[in-house]
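Computed from a predicted model, the values in this text were never measured in an experiment. Atoms within a ligand are numbered from 1 in the order they appear, just like the ligands themselves.
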Amino acid sequence: MQLFSYLEKYDYEQVVFCHDEASGLKAIIAIHDTTLGPALGGCRMWTYQSEDEAILDALRLARGMTYKAAAAGLNLGGGKTVVIGNPRTDKSEAMFRALGRYIQSLNGRYITAEDVGTNVQDMDMIHMETDYVTGVSQAYGSSGNPSPMTAYGVFRGIQATANVALGSPDLAGRTVAVQGLGSVGYSLAEQLRAAGANLIVTDINEDQLRRAASELGARVVAPAEIFDVECDIFAPCALGAVINDDTVERLRCKAVAGSANNQLAEERHGDRLHERGILYAPDYVINAGGLINVADELEGYNADRARKKVEGIYDIMLEIYNIAEREGIPTYRAADHMAEARIEQMRRVRGTFVRNEKSALHR
Ligand code: NAD
């Protein structure tokens with residue numbers, strides 16, 4: 001790949017290639033932008049088919065984190081680590097400690113966390129070498145499982161979405177179709193039910209479906225049917241790319257608002273939702289509760305304070321819908337604009353400070 005052309009195109013700051021022969025570590029730390037603060041982003045371990053694929057994944061995910069943190073109002077930038085290897089067979093203490101030393105060498109420009117293929121134990125090993133890690137064992141003051149906070153943020157985002165798409169944030173009597181009843185989806189379904197919503201649910205796990213039917217009075221449909229049901233809000237909480245050529249014309253809802261990452265197969269599917277008058281809650285904003293929660297660890301974790309910040313997803317969503325309305329653009333673009341505007345503003349503020357400091361030196 002033309003690495004530097006890519007870095008130039010999307011304005012990346014730094015890429016670190018980490019190699020440790022003794023432990024077999026092969027990792028890439030990508031730092032996209034630290035204008036707002038240190039780059040925070042998880043450490044993914046995966047059996048990549050090629051080195052190019054691993055590099056591209058690190059770069060793409062790091063940039064995504066810049067937007068996510070900026071839109072969530074956090075003073076953090078975007079970064080990501082990918083470790084090349086099989087998370088089932090290739091892990092060792094030596095490998096994660098070697099990675100920890102690389103992270104330490106960045107002096108806080110990058111802070112890592114759990115991601116696909118890594119877990120709390122891995123973060124504890126990284127923590128032996130550096131403090132620039134979140135999501136370590138709760139004994140060290142970590143925030144624990146992020147899913148309940150993610151679900152709470154999605155619930156708040158759905159209330160904001162209902163306010164705009166349905167004229168009121170009150171979900172009593174509204175119908176929400178939830179795809180995927182995993183860690184986030186089930187907790188979300190419970191909160192929706194408690195708010196008086198009627199639920200239509202699907203999953204590939206029969207046990208979860210039975211549980212939702214008996215505990216939450218949910219109507220169960222087959223996985224392929226969830227796109228066709230008439231509802232107020234469709235909440236994708238399972239897979240990515242669920243809004244695609246096949247499904248976008250089938251949806252019979254007023255809004256799409258759920259936790260899944262990368263819900264739009266392509267940007268044009270966001271344009272199509274806009275044309276169809278279906279309000280789309282940008283995924284990386286509505287699902288930022290977990291990130292907001294883990295970021296609170298950097299100030300000494302306080303669950304109440306974190307929850308209060310996650311609650312603010314309601315106002316952030318309203319702001320995005322306002323921008324979309326004002327500029328006549330789809331909401332996924334409005335979210336990007338909002339994130340970019342915040343970064344640009346802070347870049348200018350910082351620039352002013354640097355200029356003032358320099359001129360003070362010359363006085
Ligand atoms: P999970 O693995 O706990 O749950 C996913 C659920 O979806 C499972 O119950 C699974 O059986 C179901 N599922 C899989 N394929 C399906 C299909 N074809 N149709 C219907 N159901 C299907 O994952 P999770 O942690 O709840 O995360 C859900 C989504 O939210 C993912 O896209 C994830 O990336 C995203 N997300 C999660 C968090 C978090 O804090 N956990 C944060 C941000 C984003």
Side-chain angles (χ1 to χ4, degrees), residues 40-42 44 46 57 60-61 64-65 67-69 71-72 74 78 80 113-120 123 134-135 142-158 176-192 199-213 215-216 218-229 234-244 246-247 250 256-265 281-297 306-307 309-310 313 316 335:
L40 177 74
R44 180 166 291 196
W46 197 250
D57 206 30
R60 199 175 49 80
L61 293 166
M65 291 306 295
Y67 280 80
K68 188 166 185 162
L74 296 168
K80 201 87 180 184
E114 267 179 66
D115 199 79
V116 177
T118 60
N119 56 35
V120 176
M123 296 306 115
T134 58
S142 124
S143 54
N145 177 6
S147 303
M149 281 294 196
T150 302
Y152 180 55
V154 175
F155 176 72
R156 294 288 293 156
I158 287 180
V176 185
V178 183
Q179 180 193 37
L181 295 169
S183 316
V184 179
Y186 202 90
S187 168
L188 172 66
E190 286 176 322
Q191 294 175 64
L192 291 168
L199 298 171
I200 303 175
V201 299
T202 194
D203 199 291
I204 48 171
N205 177 335
E206 298 280 334
D207 292 340
Q208 286 298 78
L209 291 176
R210 267 193 292 275
R211 194 177 150 211
E215 287 179 4
L216 309 173
R219 186 184 132 204
V220 170
V221 299
E225 271 174 54
I226 198 77
F227 305 103
D228 304 310
V229 297
F234 171 49
C237 298
L239 316 160
V242 285
I243 311 295
N244 51 42
D246 170 39
T247 60
R250 285 162 58 189
V256 174
S259 76
N261 277 316
N262 306 317
Q263 291 169 29
L264 304 174
D283 47 15
Y284 70 81
V285 185
I286 196 171
N287 73 16
L291 173 67
I292 295 171
N293 191 47
V294 91
D296 196 78
E297 286 182 25
R307 194 174 163 82
K309 284 190 214 155
V310 173
I313 287 180
I316 296 172

Please list the nearest protein heavy atom to [atom] with its residue and the distance rounded to 0.1 Å.
atom                    : value
atom 27 (O) of ligand 1 : Val184 CG2, 4.0 Å
atom 21 (N) of ligand 1 : Asp203 CA, 3.5 Å
atom 19 (N) of ligand 1 : Pro223 CB, 4.0 Å
atom 31 (C) of ligand 1 : Ala238 O, 3.4 Å
atom 6 (C) of ligand 1  : Gly182 N, 3.7 Å
atom 43 (C) of ligand 1 : Asn287 O, 3.7 Å
atom 29 (C) of ligand 1 : Ser259 OG, 3.5 Å

Quick one: closest heavy-atom pair of [X] and [Y], and the distance?
X      : Y      : value
Leu40  : Met65  : O-CE, 3.6 Å
Asp228 : Arg250 : OD1-NE, 2.8 Å
Tyr186 : Glu215 : OH-OE1, 2.7 Å
Gly289 : Val310 : O-CG2, 3.7 Å
Val154 : Ser259 : CG2-CB, 3.8 Å
Ala177 : Val229 : CB-CG2, 3.9 Å

Which part of [X] is near ligand 1, with near meaning a heavy atom under 4.0 Å away: side chain, backbone, both or neither?
X      : result
Cys237 : backbone
Leu181 : backbone
Thr150 : side chain

Check: [X] N/O within less than 3.5 Å of ligand 1 N/O:
X      : answer
Leu239 : no
Ser183 : yes
Lys68  : no
Asn261 : yes

- prompt: Taking everything shown except Arg60 itself, do over 12 heavy atoms lie less than 6.0 Å from its CZ?
  reply: yes

Is it the case that the side chain of [X] and the backbone of [Y] share a donor-acceptor pair, with hydrogens and angles ignored and the cut-off at 3.5 Å?
X      : Y      : value
Asp115 : Arg44  : no
Thr247 : Val242 : yes
Asn293 : Ala306 : no

message: Could you check whether atom 40 (O) of ligand 1 has a protein contact, counting only heavy atoms that fall below 4.0 angstrom?
response: yes

field: Heavy atom of protein inside 4.0 Å of atom 23 (O) of ligand 1, strictly below
entry: no

- prompt: Applying the side-chain contact (heavy atoms from CB on, under 4.5 Å) test to Pro223, which of Leu239, Asp203, Thr202 qualifies?
  reply: Thr202

- request: May I ask whether Gly290 places a heavy atom under 4.0 Å from ligand 1?
  value: no

Among Asp207, Asn205, Leu209, Ile204, closest by any non-hydrogen atom to atom 15 (N) of ligand 1: Ile204

